[in-house]
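For the numbers below, each heavy atom of this structure counts, side chains included, while hydrogens, waters and symmetry mates do not.
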2 protein chains.
Amino acid sequence: MSLTRIAFIGFGVVGQGLAEILVEQKEELSERYGFNFQVVAISDTMKGSVYDENGLHLQKILDIVKATGKINDYPEGIKGWDSQKTITETNANLIVEVSWTDIKTGEPAISHVKSAIKCYKHIVMTNKGPIALAVRELLAMAANNGVQVRFEGTVLSGTPAINLGLNNLAGVQISKVAGIVNGTTNYILTEMEKGLDYTSALKQAQELGYAEADPTADVEGFDALGKIVILANVVMNANLTKDEVSCQGITKITPQDIETAKQEGNRWKLIASAEIQSDGSVKAAVKPEKLPLEHPLAAVSGPINALTYTTKHLGEVTIIGPGAGRAATGYALLTDILDIHRTITRP
Amino acid sequence: MSLTRIAFIGFGVVGQGLAEILVEQKEELSERYGFNFQVVAISDTMKGSVYDENGLHLQKILDIVKATGKINDYPEGIKGWDSQKTITETNANLIVEVSWTDIKTGEPAISHVKSAIKCYKHIVMTNKGPIALAVRELLAMAANNGVQVRFEGTVLSGTPAINLGLNNLAGVQISKVAGIVNGTTNYILTEMEKGLDYTSALKQAQELGYAEADPTADVEGFDALGKIVILANVVMNANLTKDEVSCQGITKITPQDIETAKQEGNRWKLIASAEIQSDGSVKAAVKPEKLPLEHPLAAVSGPINALTYTTKHLGEVTIIGPGAGRAATGYALLTDILDIHRTITRP
């Protein structure tokens with residue numbers, strides 16, 4: 001396809017972040033990567049929806065959403081199509097799935113992905129839920145229909161953790177992946193090293209927007225759990241479910257634990273890991289670990305994330321970068337879109 | 001192409017390294033990546049050449065080369081074709097260019113690449129010379145003829161530095177790339193930190209095989225210079241030649257310099273960098289820099305390499321991994337081959 005026609009399912013922070021990047025870089029994307037696009041539809045449960053088969057004026061929509069929050073105020077196009085109709089009946093050939101989704105059931109994102117695959121449309125997404133719950137099924141369906149499902153943003157946001165493991169390290173025989181995949185807990189641990197207790201460090205993380213009002217998913221390790229399941233299943237070809245992975249967060253780490261580690265020349269990090277066992281199965285875990293200060297992951301501080309692949313041909317390969325943020329997550333979608341474009345159009 | 005037919009131009013350490021990986025992983029590559037191949041030809045100026053349009057028995061050739069060093073001892077196939085004839089007249093559709101090449105002129109590798117492009121064959125290579133000298137010309141020719149020229153192994157060997165910057169970070173607006181791209185000098189500096197003087201550290205590096213008998217290219221920074229020119233021209237779209245880049249090696253660093261840096265909380269590293277200037281041009285340099293110990297590159301020690309991309313949407317993204325070695329460089333070729341396969345066959 002020489003023209004990519006995009007439909008947004010959901011238009012919250014991440015979707016708007018991508019839309020802003022697309023507007024800003026439209027010319028560069030065309031000149032440098034030969035990537036030409038139109039956004040033909042946007043459908044959001046709260047903000048309304050619009051479809052124009054000849055393309056929407058994306059900056060105008062961004063302005064309207066900022067001003068009134070109502071996509072229906074856009075003066076042209078067809079209004080009122082819900083997400084399913086937008087996926088199946090518009091002329092979009094690539095779906096950006098960034099709807100609000102229940103992390104426990106993965107819905108409605110899983111249904112959105114299935115609908116898109118059924119009508120032979122590529123999908124990019126950043127929702128962790130559907131991928132942690134159903135990635136093998138979705139990838140198999142997509143392969144059958146000759147379309148791509150991409151989800152770089154589900155782990156380390158735009159930092160290319162998944163595409164690194166899946167494509168750049170293809171054939172390298174990965175035996176283990178381990179890293180710091182949750183920025184909130186890494187920030188809290190870094191601040192505790194500086195002398196704060198857990199409660200004060202958490203409060204500071206909340207004030208800075210790194211932690212949510214209910215921090216359970218981060219501090220109990222559940223967020224990291226979802227990410228390591230994705231990495232194991234996608235990069236290491238495992239078939240794990242969340243309840244097969246032991247999970248321990250950072251809530252029980254005391255200032256005394258921090259101090260003891262320091263005296264030993266160690267540092268606490270919340271490590272998510274998955275490793276191939278001698279019987280060929282993959283075992284994964286999330287738990288706080290004391291790393292020696294010389295360890296590459298020990299130096300990763302604050303909200304930064306990092307992942308180390310242990311491989312046969314390359315030894316250890318580590319990637320370090322941001323794990324969250326509006327621009328970084330919006331960019332994760334762009335990198336997937338450009339890679340789909342590249343694999344479709346390259347000779 | 002569902003069957004990749006490979007011709008090796010050159011069959012030294014790197015070529016044999018790739019051949020061993022291909023033999024060992026043949027089944028996995030087919031099952032997991034749908035990658036099926038035959039090696040149909042090998043042509044080496046010293047060892048001789050063989051061509052069989054129906055495929056060679058690769059393990060048998062590896063055994064023969066190990067035993068007698070003479071490819072002509074292989075019992076079947078057509079003998080005696082030189083590199084040009086092997087590129088242009090065999091039924092290979094992918095050329096592995098690993099010939100012995102003069103780093104100053106880039107020959108004969110540049111001619112090999114041009115011949116391959118002219119007959120519409122993809123090329124993977126690890127020779128730095130041709131890429132540092134002529135990458136823009138070669139990529140333009142390749143694009144015109146609808147084939148791919150890939151060279152991941154020219155920087156950080158198999159650690160995916162180039163494909164990371166070029167593909168995974170596509171569209172992210174890279175403003176700077178800087179890193180440790182020469183393992184020999186990094187090993188020497190690490191040993192000098194431990195108390196050795198320059199001469200003893202160099203001698204130790206030579207004994208371990210990290211440095212060559214004539215270490216000039218490494219210790220004067222010329223190797224790093226070639227690599228930063230490649231990164232600037234490929235990833236940042238610059239058009240630099242080597243003589244436009246200032247280059248200073250590590251030969252003048254004294255134990256006193258090392259000690260002073262230590263007292264300041266710093267560490268010497270040989271840093272190659274390229275940065276976009278306010279007028280849009282790209283300026284590159286190779287020189288020893290004192291980095292604070294907290295800097296991510298300061299922690300990279302021994303023969304390990306690392307590269308940090310400074311980007312608009314992701315801030316800093318760093319990759320750390322091996323920069324040399326038989327398996328790592330052989331693997332660099334495999335990752336390029338698999339990515340060509342992926343971009344050709346993915347929906």
Which one of [options] has the most heavy-atom pairs closer than 4.5 Å to chain A?
options: B/Leu334, B/Ile337, B/Leu169; answer: B/Leu169
options: B/Val300, B/Thr308, B/Ile21, B/Asp336; answer: B/Ile21
options: B/Ala170, B/Ala328, B/Ser157, B/Ala327; answer: B/Ala170
options: B/Val172, B/Asn237, B/Thr311, B/Asn163; answer: B/Val172
options: B/Arg326, B/Glu28, B/His313; answer: B/His313

What part of B/Glu152 lies closer than 4.5 angstrom to a heavy atom of chain A: side chain, backbone, both or neither?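 For B/Glu152, there is no contact with chain A at all, as no heavy atom is under 4.5 Å.
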Residue pairs involving residues 310-321 of chain B (criterion salt bridge (charged side-chain N to carboxylate O under 4.0 Å, His left out); sequence neighbours excluded):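 Matches after skipping sequence neighbours: A/Glu24-B/Lys312.
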For each of A/Asp339, A/Thr159, A/Ile304, tally heavy-atom pairs with chain B at distances under 4.5 Å, and name the one with the top tally.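 Most pairs with chain B among the choices: A/Asp339.
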How long is the straight-line distance from CG of B/Asn168 back to CG of A/Leu338, given to the nearest 0.5 Å?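 That separation rounds to 11.0 Å.
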Residue-level interface, residues 317-325 of chain A with chain B, non-hydrogen cut-off under 4.5 Å: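 The stretch touches chain B at A/Val317, A/Thr318, A/Ile319, A/Ile320, A/Gly321, A/Pro322.
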Indicate the atoms forming the closest heavy-atom contact of [X] with [Y], along with that distance.
X: B/Leu29; Y: A/Gly171; value: CD2-CA, 4.4 Å
X: B/Leu166; Y: A/Tyr33; value: O-CE2, 4.5 Å
X: A/Arg32; Y: B/Met236; value: NH2-N, 4.3 Å

